[in-house]
Peer 1: 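Dropping the structure in here first, questions after.
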Amino acid sequence: MTAPSLAAPAPAKGASLIAPDARTRRRNASERRFRLLGLSAVGLGLLALVVLLTSVLGNGLSAFRQTWITVPVTLDAALLDKEGNRNPEEMRQVTTLGYGKLLEAALIAALAEKGIATDALSEKEVTGLLSKEAAADLRTAVLADPSLVGQTLTFRALATSRIDGYFKGRVTRESAARDANVTPAQLDLADRMAAAGLIGTQGNAGFLTRPDASELRPEAAGLGVAILGSAYMMVVVLVLSLPIGVAASIYLEELAPRNRWTDLIEINIANLAAVPSIVYGILALALFINILGLPQSAPLVGGLVLTLMTLPTIIIATRASLKAVPPSIRDAALGVGASKMQAIFHHVLPLAMPGILTGTILGLARALGESAPLLLIGMVAFVRDFPGAPPQGLLDPAAALPVQVYSWTQRADPAFVERASGAIIVLLAFLLAMNALAIILRRRFERRW
Amino acid sequence: MSSRLPFPAVTALLAALCLAAPAAARDNIQIAGSSTVLPYATIVAELFGENFEHPTPVVEGGGSGAGRKKLCEGLGEGTIDIANSSSRIKQSDIDLCNANGVTGVMEVRFGYDGIVFAALRDQPDFAFTPADWYRALGARIVQDGALVENRLRDWAEVNPAFPSQEILAFIPGTKHGTREVFDHNVLLAGCKETGAHDLYAATAEGDEEAKKKAADEACLDLRTDGLSVDIDGDYTETLARVQSNPVGIGVFGLSFYQSNTDRLRVYPMSGVMPSVETIASGDYPVSRPLYFYVKLAHMGVIPGLREYVAFFLSDEVAGPDGPLADYGLVSDPKLAETQALVAAERPMEPLSQ
C-alpha cells in the first residue's frame, strides 16, 4: 500500500471543463436512475391508495342509500290489541309473524289500488320484496306508540337486499335469472312499483344507527352497536391512558433519578410500543377474563386491552414533548421560588400539552382501528342489543367498528360486501377526523424554541 | 395557563368504577362455536330477541372445537351457555367437561348441512363420484394394480368421460368441521372404491385392525404439488379463490351456494344433485348433522336459555318451512324426537365406541 495508489487518477489530457467526461455522465445517469426509482416508489404507493379508495368507495358508498317500499298500513285493532286497552305489555304477545302478515296484506292492497299487475307472480313472490326486518320495525313502532293501533299509517318498509341491489345496479336481470333468491319477474314488479312511486332509494341513516342483522336480512344491518361499542372503548382508553401515561412520563422525565432502573424502564417502554397487538389480546384474555372474571365481549375489557396497547405510545409522545420544553422555563420558575411540582404543573405541562394531545389522539386513532386483540376477548360476536348507559353499559356486550368489518366480510350473502365497504368508509372517516384534529392542534398550539 | 390538572382524581374514579362494575348478573345468553352454525344461530337469535322479552343472545364464531372447549371450561356466568358444533362432540371434550365439573350437557341435533362441489357458472359439466375425487387429489393412486405417486394433471385423465380441464381444487382446511365430512364421505369412500384402501392395508404392518386403521389414515393423504389447496378461511375465501382461478372447483356449504347461485354452479355427486330434498332423503352422500350443546346447569339460571332452545327447535323455526330452511338448512326428519329430548332436558349419553 503506497501513497501514490490512493491518489485520484489525473484527468485525461485535453479533457474539456464544459463537456462532461464519461465518468461524470455515469454519475449523473446513476443519479437520474435513483430519482426515477424514488419517484416510482412514491407513484406505486399513490396507485395502491387510489386502488384501495376506489374499491372501497365504489363498493361501499351505496351502503348509505337504501331501497324502501312505502305503503299505507292499516293497523287493525282486532289483530294487534285483542284486549283493546292499548297496553304494550299485552300487545307484545303479537309476534313479528303477525305484523308480517299485516304488512304483506297492505302491500298487496296497495298494488291492487295502484292497478299494478301481479299476475305473473305468486303471492309469496310479491311479498318476497319486503324485508323480514320490516315487520320487526312495524312492531317496534306500534309498541313504542300504542295509540297508532286502529289508524292507517304510511309505513316505510325495507326492501330485501336483492331488490335493493337491483336499484343500486348490483343485481341485473341476467344475474336474477340465475339467482335462487330473486326472479326477473320480481324485478319487473319492482320497476312497475317504482313508476307508481311505491318503491325508491333514499338516504339510509339506519346504516349508522341500526344494530347488526343476520344473514337473512343484510338490508337491515347497521353499525349502531359497533359505533357505540367503539366509542365506549375510546372513552375508557382516553380516561385511563391519558392520566396514567402523562403521570408516568412526568415522573420519568422530570422527577426520576437517572440510574440503571429508570434506563431499564425506558427501554422496556420502547419495546412495549413494538409488541404485536395480538399479544395484548392474549394477556387480556388471561388477566381480565380468566382471572378477574370480567365478562366477554364487554367494551370495558376491550378498552382495557387497548389502553395497555396505547400507553407506550402516549408515554413516548409525552416524554418527547416534555423534553422539547426548554430548561430555561424550568430554571426561571424554580428561580422565582416555585416548587418542582409548581414548575411542572404551572409551566412545563401547559407548554407540552399540544404535543401530548397530538400523541394521545394518534394513539387513540391506532386503538380505534385495532381488531386483533379484540378477536380474543369475544368482541367478534353477533350483538344486536345496544349496550346500556355507562358505567353499567361498559359491561354489556358490544361490537367494535374494525371487527364489524371483519365479521361482515365473512358472511355468505353478497350484499354484505357493500356493508363491509361502507363500514370501512365510516372507520376511515373517523380516523381521518382524528388525524385532522391532531394536525390542527399541532399547527395551532405547538411552539418552537 | 396555570390551572391544576385533576389527573389523580380522574384515575381514582376510574379505578373505583372498574372494581365496582363486575357485580351485575348476566342476563343474555352467550353462544360460541362453529362458523357453519353461526349464520343459523344468528338468525334464531335475531328472531328470539325480536319476539321474546329476553335480550338477543350474543353469538360468536371461532370454530367447532374452540366452542366445545369453551363450553367445557366450567360452570358459571363467566362461561358460555351453548356451543355450536358442525361435528359431534369428542371424548376428549367430554373428559375436559367432566374434569371442570361440567356434567349434564345436552346434545341437540337441529338439522343437516350439505357439502357441495361448485365452480363458476361458465365452467363445463362434471358428474363426480368419490372415486374421481380420490383419483384427482389422493397422494397415491392405483395404476395397473399398484399404488403409484399421483401425477394426473387433467380431469380427463381422472375419468375419460370428463372434459379436459386442469385439476385444481379448493378444499376446507383441516381445522374445519367440513373437512372431516369431506375426508370421510368423499376421500375415504373413493379410496375404497378405487381399491387403494386394500393396497394400503396389504402393505401395512400389524393385525387386521391396525392394518385397516393405517389404510384409513393413508387414504386421507393428499397430493402436495399444489393442485389441492387447503382453505383455512371461510367460504368467502374459497369463492374468491375460485373467481381468480376459474378452473378451480371449490367445496362449499349448501347454504353458501344458495346465497350465491348467480355466480356458482353446483356439480352432482354419485349422480345426485345436492338440494334440501336430496339431502333430507339421504340420497346425496356428502352431508353432516349440525349440533349445539347446551349446559343443563345453566337452564333456569341464565334467563331465556330454556326458551331459546325450545324456540330454536320449534317447527316454525327449524321445520322445513322455517327461516333456517330458507337459508339452506336441511330440516331434520326426526325433529319431533329432538323436541321431546329438549322438553325433557335429557343430558347426552356417553359416546358409544
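What's counted below: heavy atoms across the whole structure, side chains too, no hydrogens, waters or symmetry copies.
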Peer 1: Pick whichever of A/K132, A/E174, A/R217, A/R139 has the most heavy-atom pairs under 4.5 Å with chain B.
Peer 2: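 Looking at each of A/K132, A/E174, A/R217, A/R139 in turn, A/R217 comes out on top.
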
Peer 1: I'd like to check B/E50 versus A/T140 (side-chain heavy atoms, cut-off strictly below 4.5 Å). Are they in contact?
Peer 2: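 The answer is no, as the side chains (C-beta and beyond) never meet within the 4.5 Å cut-off.
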
Peer 1: Go through the atoms of B/R265 and report whether side chain, backbone, both or neither lie under 4.5 Å from a heavy atom of chain A.
Peer 2: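 For B/R265, no heavy atom lies under 4.5 Å from chain A.
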
Peer 1: At a heavy-atom distance under 4.5 Å, which candidate from B/R121, B/Q30, B/R263 has the highest pair count against chain A?
Peer 2: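 With the most close heavy-atom pairs to chain A, the winner is B/R121.
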
Peer 1: Could you tell me which of A/A415, A/G378, A/A136 has the largest number of non-hydrogen atom pairs under 4.5 Å with chain B?
Peer 2: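 Top count of heavy-atom pairs under 4.5 Å with chain B: A/G378.
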
Peer 1: Considering only heavy atoms and a distance below 4.5 Å, find which of B/E237, B/E73, B/K70 pairs most often with chain A.
Peer 2: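 Most pairs with chain A among the choices: B/K70.
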
Peer 1: Of the backbone (N, CA, C, O) and the side chain (C-beta and beyond), which part of B/T236 lies under 4.5 Å from a heavy atom of chain A, both, or neither?
Peer 2: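 The side chain, not the backbone.
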
Peer 1: May I ask you to name which of A/L216, A/V383, A/D413 has the most heavy-atom pairs under 4.5 Å with chain B?
Peer 2: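 Of A/L216, A/V383, A/D413, A/L216 has the most heavy-atom pairs under 4.5 Å with chain B.
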
Peer 1: Which atoms of B/E316 come close to chain A, meaning under 4.5 Å heavy atom to heavy atom: side chain ones, backbone ones, both, or neither?
Peer 2: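 Contact with chain A involves the side chain of B/E316 alone.
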
Peer 1: For B/D234, is it the side chain, the backbone, both, or neither that has a heavy atom closer than 4.5 Å to a heavy atom of chain A?
Peer 2: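 Just the side chain, heavy atoms under 4.5 Å.
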
Peer 1: With the side chain counted from C-beta on, respond yes when A/Q296 and B/E60 share a heavy-atom pair under 4.5 Å apart, and no when they do not.
Peer 2: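 SC-SC contact between A/Q296 and B/E60 confirmed.
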
Peer 1: Of all of A/A381, A/P390, A/S407, which one pairs up most often with chain B through heavy atoms under 4.5 Å apart?
Peer 2: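 Of the candidates given, the most pairs with chain B belong to A/A381.
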
Peer 1: With a 4.5 angstrom heavy-atom cut-off, could you sort out which part of B/P323 is near chain A: side chain, backbone, both or neither?
Peer 2: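 It is both, since atoms from each part get that close.
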
Peer 1: Among A/P397, A/A135, A/P211, which residue has the highest count of heavy-atom pairs closer than 4.5 Å to chain B?
Peer 2: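 Option with the greatest count: A/P397.
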
Peer 1: Is the side chain of A/S214 donor-acceptor paired with the backbone N or O of B/T42 at a distance under 3.5 Å, no angle test?
Peer 2: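 Looks like no, no N/O pair under 3.5 Å.
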
Peer 1: Surrounding CD of A/Q93 (heavy atoms of other residues, nucleotides or ligands, distance under 6.0 Å), is the total greater than 12?
Peer 2: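 No.
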
Peer 1: For B/L47, which atoms come within 4.5 Å of any heavy atom of chain A: side chain, backbone, both, or neither?
Peer 2: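 Side chain of B/L47 only, per the 4.5 Å heavy-atom cut-off to chain A.
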
Peer 1: I need the minimum non-hydrogen distance between B/S259 and A/P414, along with the two atoms involved.
Peer 2: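 So the two residues come closest at O-CD, 3.5 Å.
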
Peer 1: For A/N181, which residues count as a side-chain contact (heavy atoms from CB on, under 4.5 Å) partner, sequence neighbours excluded?
Peer 2: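 Counting only residues at least two positions away or on another chain, A/N181 forms a side-chain contact (heavy atoms from CB on, under 4.5 Å) with A/R162, A/D179.
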
Peer 1: To the closest 0.5 Å, what do you measure between CZ (B/F256) and CZ (A/R411)?
Peer 2: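 One gets 13.0 Å once the value is rounded to the nearest 0.5 Å.
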
Peer 1: Quick one: side-chain contact (heavy atoms from CB on, under 4.5 Å) partners of A/D385, sequence neighbours excluded?
Peer 2: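 Scan of A/D385 (side-chain contact (heavy atoms from CB on, under 4.5 Å), adjacent residues dropped) gives B/P55, B/T56.
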
Peer 1: Would you mind checking which part of B/Y235 comes under 4.5 Å of any heavy atom in chain A, side chain (CB onward), backbone (N, CA, C, O), both or neither?
Peer 2: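 No part of B/Y235 comes within 4.5 Å of chain A.
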
Peer 1: Please classify the contact between A/S175 and chain B as side chain, backbone, both or neither, with a heavy-atom cut-off of under 4.5 Å.
Peer 2: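 Contact with chain B: backbone and side chain both.
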
Peer 1: Which bit of B/Q258 is near chain A, if near means a heavy-atom gap under 4.5 Å: side chain, backbone, both or neither?
Peer 2: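 Just its backbone gets close to chain A.
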
